[in-house]
Structure formats: structure tokens, C-alpha cells
Amino acid sequence: MNFMNRIVDFFSRKFTVAKGGGEKAILKQKASGKMTARERIAALLDPESFYEYDLFVEHNCHDFGMESKDLAADGVITGSGTIAGRPVCIYAQDFTVAGGSLGFMHARKITKVMDHAVKMGIPIIGINDSGGARIQEGVNSLAGYGEIFYRNTLASGVVPQISVILGPCAGGAVYSPALTDFVFVVDQISRMFITGPEVVKTVVGEEISMEELGGARVQVETAGNAHFFAHSEDECFDQIRRLVSFLPDSSRQKAAAAAPRPPKQSYKIESLIPKDSKIPFDVRDIVRAVIDNSEFFEVQEYFAPNAIIGFGRIEGETVGIIGNQALVLAGVLDIDASDKIARFVRFCDAFNIPLVTFVDIPGYLPGSDQEHGGVIRHGAKVLYAYSEATVPKITVILRKAYGGGYIAMCSHHLRADFVFAWPTAEIAVMGPEGAANIIFRNEIMSAENPDEMRRLKIKEYTDKFANPYVAAANGYIDAIIPPQETRASIVRALKITRGKEDPRPSRKHGIPPF
Ligand code: HXC
């Protein structure tokens with residue numbers, strides 16, 4: 001072939017591979033409301049920024065008629081590109097090619113781009129749309145998954161890892177997303193489960209649809225495997241771009257600062273707090289009253305809503321925000337809220353993002369469901385995560401801070417750098433009602449009017465402990481601040497903690513209560 005023919009041949013090959021699984025399969029993909037893998041990459045990344053790797057990789061399977069099959073790009077598109085000008089590595093499984101099934105070379109393309117991301121210190125984004133292990137390749141496809149899981153683990157805490165579920169993600173395939181930091185799902189498109197409805201029916205006799213078993217809503221509300229829910233793929237890509245804007249490229253850096261902006265006028269802290277201290281308020285409003293432009297990017301909004309977590313900026317710098325949500329279950333810590341908070345704290349700590357915690361907590365949730373489900377083990381994760389974190393830690397106690405909840409929510413005892421309390425804070429072993437019933441039981445029982453005596457004793461306990469002053473007298477609170485000084489206090493604390501160093505004893509690694 002002469003030079004021109006070679007060039008023509010190259011473009012013709014490239015064109016053929018770029019067509020993926022062919023027209024029929026693409027039409028089927030579209031009919032199910034999904035974009036193709038290439039369209040997804042183009043929609044997520046900056047225009048024209050995608051740089052593809054390994055377009056001509058081919059599978060190496062010779063069994064079950066595979067030798068005669070051309071699988072375009074082996075069913076996965078890999079490469080790098082930019083989001084808002086910042087580099088990211090990306091892969092997108094192509095369901096139009098053998099159902100996006102994962103064979104050995106398909107996996108090798110993914111692990112290559114993962115290795116690249118770690119070496120370059122940039123985020124890795126994986127778009128999953130696959131029938132799982134390529135059945136014809138047997139153990140080689142399992143090997144491929146193992147290689148991916150291993151790399152997910154080594155990349156953890158080094159570069160942000162983002163998984164997007166845009167189709168089936170079944171069997172062991174779900175464990176790569178589960179090992180990553182953030183999982184995005186789309187209504188009616190994402191399906192994540194270990195065993196599908198047919199197996200469920202055979203093994204446990206339960207009839208359940210794919211949507212009910214592992215659809216997007218189940219993943220964000222019930223299972224907590226996913227962190228972000230969108231109604232369309234485009235909305236999902238917007239969410240990913242927004243998330244990336246808050247993060248550093250790797251643990252070697254701090255997130256880039258944006259231009260500082262004051263909170264919106266509509267979020268005035270004084271007007272957000274009900275006059276009656278018994279009426280709960282939405283802690284997210286307090287967060288919005290404190291952060292730049294009142295823009296709170298909530299993570300896991302629908303899972304364990306008794307706790308809130310998410311990102312915001314203060315004077316332009318990314319902070320990780322954690323709060324108890326008194327509107328749901330009075331803001332208690334339970335199993336799910338503990339898992340949610342602990343993992344988020346560890347993420348922020350790994351990526352140099354300061355933690356700001358808003359406390360309004362009556363304690364851990366009582367009950368046999370919780371005890372038998374392991375609230376001790378799960379609750380301990382919060383203690384571990386906050387204690388272990390060495391990023392700046394700033395805590396604001398708004399109202400209740402009772403019992404284990406007080407300690408767990410980034411108290412001084414877990415080495416918060418600054419603890420502020422509003423004058424409305426109540427810091428005690430437990431709520432005044434419960435406390436009075438226990439320590440004054442005899443006096444209440446033997447009183448002529450037990451109800452009156454109970455009221456008196458509750459008041460006595462409240463006057464003594466349900467305030468911030470006892471804790472402040474012991475130095476457990478650095479400053480009691482009026483609510484309207486919250487933002488200014490946090491800004492000051494962030495400035496002072498900017499150069500924080502907090503060396504820890506040398507060890508291979510700790511053993512968190514996973
Ligand atoms: C090889 C596969 C495949 C697979 C799908 N295809 N899954 N090829 N291995 N795992 C192929 C189909 O044969 C078909 O090829 C094309 O992809 C499209 O699949 P359809 O079935 O036509 O699509 P759809 O009706 O949308 O159904 C999608 C599906 C279904 C629900 C995902 O394909 C399915 O159930 N696949 C098998 C899922 C599974 O059991 N996977 C293995 C899990 S075990 P043609 O040529 O007809 O177009 C596993 C273990 C991993 O993953 C453990 C890791 C630790």
C-alpha cells in the first residue's frame with residue numbers, strides 16, 4: 001500500500017471501530033433512552049477535549065465462536081479529556097458491543113487508564129453500562145474484574161474516583177463502583193444488583209422487578225450505594241461537573257479556590273431560627289446562611305436524611321460540611337447516618353478538604369433494630385473517622401449535643417481545632433427529661449405530686465446543664481458566639497488552620513471498624 005492508501009485505510013478502520021456495535025444495536029440503545037458511550041463522553045467532557053487511547057485493542061478469546069467476532073474497541077472507550085479545563089481520565093463501557101461485557105482486554109483498557117490517572121494525579125471517571133463478566137471468556141473476565149478492584153483500592157485516597165451507572169451493572173461488577181468515592185445514578189436507566197430478579201426468584205422465591213431490586217431510587221434512598229440521583233443523563237453529567245469543581249485533582253493538592261462570595265441575602269441566619277427553641281429547623285438553611293453564595297452541593301441527599309453531608313465554599317475555599325438534621329428522626333445518629341458521615345469525613349481528610357460540622361443531636365438512635373444491626377460498630381466509624389482526620393476541623397454546636405452524639409460530632413475530644421457554640425446550645429449526657437427521670441427517680445416517686453416534682457427536677461437539670469456554659473467553663477468550647485457571627489468565626493478559624501500539621505504515630509495502617 002502506498003502512503004495515501006495507508007492513510008485512507010487508517011481512517012476507514014477508525015471509522016468502522018468508532019461505530020461501535022453497529023446501527024441496529026445503537027438504535028436499541030437509543031430506544032431504551034440511553035446515549036451511546038461516545039455521546040456520553042462528549043456530553044460530559046469539555047467540547048473536543050477527548051483524547052482516545054487504545055481504539056484498536058481487540059479481544060483475545062477463541063472460544064464459543066468468539067474468534068470470528070470483531071468487537072469494536074472491545075466494548076469500552078477509554079482516554080482522557082478535560083472538565084472546565086482540568087484533566088480527567090475516563091472510560092465508558094459500550095453496551096452496543098457484546099452488551100458492554102467485560103473480557104480480559106476490555107479490563108486491560110480500563111486498568112491502563114486507571115494507572116494513568118493515578119500516575120498523573122487526576123480524577124478517574126468510569127461510566128458503567130454492561131452485562132457483566134463476558135461469559136465466553138470465563139475466568140479471564142473474572143481476572144479482569146479482580147485487576148480493576150485492586151486498582152480501585154490502591155487509587156483510593158490518591159485520586160478522586162467517580163462511577164456513573166448508566167445501564168446494567170450486575171454481579172461482581174458492582175464492586176468497582178462500591179470501591180469508588182462517588183456513584184451517580186439516573187432514574188429508569190441505572191440498575192445495580194449482585195443477583196438479578198431471576199436468581200432472586202429461584203433462590204429465595206421472591207418476585208421482584210429489576211427496578212425495585214436495584215433501580216436508581218433504591219440505590220440512593222434505601223441501599224445508599226449511590227450518592228447522586230438524576231432524572232436524565234444530561235442532568236447527571238451536570239452533577240458530575242459540579243462535583244469535580246469542588247475537588248482537588250489528587251491528594252497531592254488542595255482544591256482550587258474560587259472567587260469568594262457572600263451568602264445570599266435571603267439566608268439571614270437570625271431570621272431562620274424559630275423563636276421557640278423546641279421547633280426544629282432545617283440545618284441546610286443554616287449551612288446556606290454560612291457558605292459562599294448559599295450554594296450547598298449535597299451528597300447522599302436521599303439516604304439517611306437525619307444527617308446531611310456535602311460541599312460548599314467559604315471565602316472561595318472548598319469545605320466538607322456535615323450536620324445533624326433535626327427535621328428527620330430529631331437528627332439522631334443511626335447506622336446509616338454513621339456510615340454516611342464516616343465515609344464522607346474520610347474522603348475530605350484524604351483530599352485536604354477542611355471539615356465544618358453543625359451539631360444538633362439528641363444522641364444515637366435507641367432500639368433493638370439498631371442494636372442488633374450493629375449501631376455500636378457503625379457508630380464507632382464516626383468516632384474513628386473524625387479522630388483520624390488531620391485536616392482543619394471546625395465545629396458549631398447549634399442546639400442539642402447530648403451523650404455520645406456530642407463526642408462523636410467532632411468535639412474537642414476528637415481534636416476539633418475550633419468548637420463554637422451558640423448560646424442556645426445544650427451540652428449534657430442526655431436530654432433533661434431523661435436525665436431527671438433517672439437521677440431524681442426516688443424524689444419524683446415519693447413526692448406528693450410526682451408530675452410537679454418531675455417538672456421541677458427537669459428545670460433544675462436544664463438550668464445546670466442544658467446550656468453551653470459548663471462545657472465552656474471546662475474549655476471544651478472555644479467561644480460562645482451569637483448565630484449571626486457563625487460565618488465570620490468559621491472564616492477566621494479556616495485562616496488560622498490553613499497551615500495545620502498534625503503528625504500521627506507511625507504505623508502501617510489503623511483498623512477502622514469497617
Ligand atoms: C457476553 C453478553 C453478556 C455477557 C450481554 N451480552 N451480557 N455477552 N457476556 N455477560 C450480550 C448479549 O448476548 C447480546 O449479544 C448483547 O450483549 C445485548 O444483550 P441483550 O441481552 O440483548 O440486552 P438486554 O435485553 O438489554 O439485556 C441486558 C442484560 C442481559 C440484562 C444485561 O444481557 C443479561 O442478563 N446479561 C447477562 C448478565 C449476567 O448474568 N452477567 C454475568 C454476571 S456474573 P447479541 O450478540 O445478541 O447482540 C458476573 C460475575 C463478575 O458479572 C464477578 C466479578 C467479581
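Only this structure's heavy atoms are used, side chains among them; waters, hydrogens and symmetry mates stay out. Just follow the structure's listing: the first ligand is 1, and inside any ligand the first atom is 1.
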For this session: Kindly indicate whether a cation-pi arrangement holds for Arg313 with Phe246, taking the cut-offs as under 6.0 Å to the six-membered ring centre and within 45° of the axis.
Result: yes
Strictly by modelled atom types, are [X] and [Y] linked by a side-chain donor-acceptor pair under 3.5 Å?
X: Thr96; Y: Asp94; value: yes
X: Asn306; Y: Asp334; value: yes
X: Arg134; Y: Ser101; value: yes

Are there any N/O pairs under 3.5 Å between ligand 1 and the protein, and if so, what are their distances?
| residue | atom | partner | partner atom | Å |
| --- | --- | --- | --- | --- |
| ligand 1 | 9 (N) | Ile135 | N | 3.1 |
| ligand 1 | 10 (N) | Gly131 | O | 3.1 |
| ligand 1 | 10 (N) | Ala133 | O | 2.9 |
| ligand 1 | 17 (O) | Gly99 | N | 3.0 |
| ligand 1 | 22 (O) | Lys28 | NZ | 2.9 |
| ligand 1 | 23 (O) | Lys28 | NZ | 3.4 |
| ligand 1 | 41 (N) | Gly131 | O | 2.6 |
| ligand 1 | 52 (O) | Ala133 | N | 3.0 |

Exercise. Any sub-3.5 Å donor-acceptor pair from Ser190's side-chain atoms to Leu166's backbone N or O?
Worked result: no
Problem set entry | Donor-acceptor contact below 3.5 Å, side chain Lys393 vs main chain Tyr386 | yes
